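Report on one structure; see the data block that follows.
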Amino acid sequence: MRPKPAKPPQQVNKKPAPRPAQQQAAASAAPSAGAMSSFQGQMRRAVESALIYPASARASGQHGRARVTFDFLDGRVSAVSLSQSSGSPVLDQAALATVRSARYPSPPPELSHRTLHLSIFVEFKGGT
């Protein structure tokens, strides 16, 4: 009898299953959409409560909406810039000043120690 030829070993390209600690780290790495949305609402309210409406603009009936973009990290803002003009240089400058001077809430734990890139409309209405 002839011996049977040996079968070549099968190669399996499997990645090892992640350990529970790795799964937890991955889950905590991405903040939930709900947490981010809720926090953005708090940020908008902080800006609204700090609104600086220049008396000269109010007296002359100027109104508009400026979009301000900035970075936020653990209560501090940086890289504040105007991404959409209100149409009035006075209101644009006031929008930038408002974002810089607002008192922001502390971020929830899942957003702590992360730089958030945010964009907020600052609205100047005639009755404000």
Side-chain angles (χ1 to χ4, degrees):
M1 262 189 177
R2 275 179 32 185
K4 290 184 179 177
K7 289 184 180 179
Q10 290 184 349
Q11 292 183 352
V12 179
N13 291 331
K14 276 186 158 179
K15 290 183 180 177
R19 289 180 252 140
Q22 289 173 327
Q23 289 172 335
Q24 288 174 346
S28 67
S32 70
M36 189 64 186
S37 177
S38 173
F39 188 62
Q40 284 177 325
Q42 292 174 26
M43 297 287 285
R44 274 191 300 279
R45 285 187 293 280
V47 169
E48 288 168 3
S49 69
L51 184 68
I52 301 166
Y53 201 139
S56 63
R58 185 188 306 267
S60 64
Q62 291 182 42
H63 57 86
R65 183 170 91 151
R67 186 176 195 151
V68 179
T69 303
F70 59 98
D71 292 341
F72 177 86
L73 175 62
D74 297 334
R76 296 177 189 236
V77 295
S78 62
V80 179
S81 65
L82 188 68
S83 55
Q84 182 180 334
S85 174
S86 67
S88 164
V90 172
L91 295 181
D92 291 346
Q93 290 304 310
L96 294 169
T98 296
V99 168
R100 287 186 184 109
S101 68
R103 301 194 82 193
Y104 296 101
S106 297
E110 63 188 292
L111 297 175
S112 292
H113 312 302
R114 295 173 176 263
T115 299
L116 305 175
H117 307 287
L118 302 169
S119 185
I120 291 181
F121 282 104
V122 180
E123 195 159 356
F124 300 91
K125 300 176 188 173
T128 303

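Small disclaimer: the values here were computed from a predicted structure and weren't measured.
- With ring centers used as reference points, F72 lies under 6.0 Å from F39.
- M36 and F121 end up in different hydrophobic clusters when Ile, Leu, Val, Met, Phe, Trp and Tyr side chains are linked at under 4.5 Å.
- Rounded to the nearest 0.5 angstrom, K125 NZ and L51 CG are separated by 10.0 Å.
- Cluster membership check: L96 does not share its hydrophobic cluster with V90, using side-chain heavy-atom separations under 4.5 Å among Ile, Leu, Val, Met, Phe, Trp and Tyr.
- The CZ atom of R114 sits 11.0 Å away from atom CG of L73, with the distance rounded to the nearest 0.5 Å.
- Not one N or O on the side chain of Y53 forms a donor-acceptor pair closer than 3.5 Å with the backbone of A94.
- Inter-residue side-chain proximity for S81 and V68 is flagged as unmet; no heavy-atom pair is nearer than 4.5 Å.
- For V122 against A95, the heavy-atom pair with the smallest separation is CB-CB, 3.8 Å.
- Hydrophobic clustering places L116 together with Y104 (ILVMFWY residues linked when any side-chain heavy atoms are closer than 4.5 Å, directly or through intermediates).
- Of the possible polar contacts, one joining the T98 side chain to the I52 backbone as a donor-acceptor pair under 3.5 Å is found.
- Inspection of the T115 and D71 side chains reveals no N or O donor paired with an N or O acceptor under 3.5 Å.
- Residues D74 and S112 are in side-chain contact: their nearest non-hydrogen atoms beyond the backbone lie under 4.5 Å apart.
- Listed for the S60 side chain is a donor-acceptor partner under 3.5 Å among the backbone atoms of S56.
- Counting only heavy atoms from C-beta outward, the side chains of L118 and M43 approach each other to under 4.5 Å.
- A donor-acceptor pair under 3.5 Å links the side-chain atoms of E110 to the main chain of S32, judged by distance alone.
- Screening Q84, Q40, R67 against S119 for a side-chain hydrogen bond (donor to acceptor under 3.5 Å, both in side chains) leaves a single residue, R67.
- Looking at every heavy atom in both residues, R103 comes nearest to A46 through O-CB, 3.5 Å.
- Side-chain contact check for S88 versus Q62: some heavy-atom pair is nearer than 4.5 Å.
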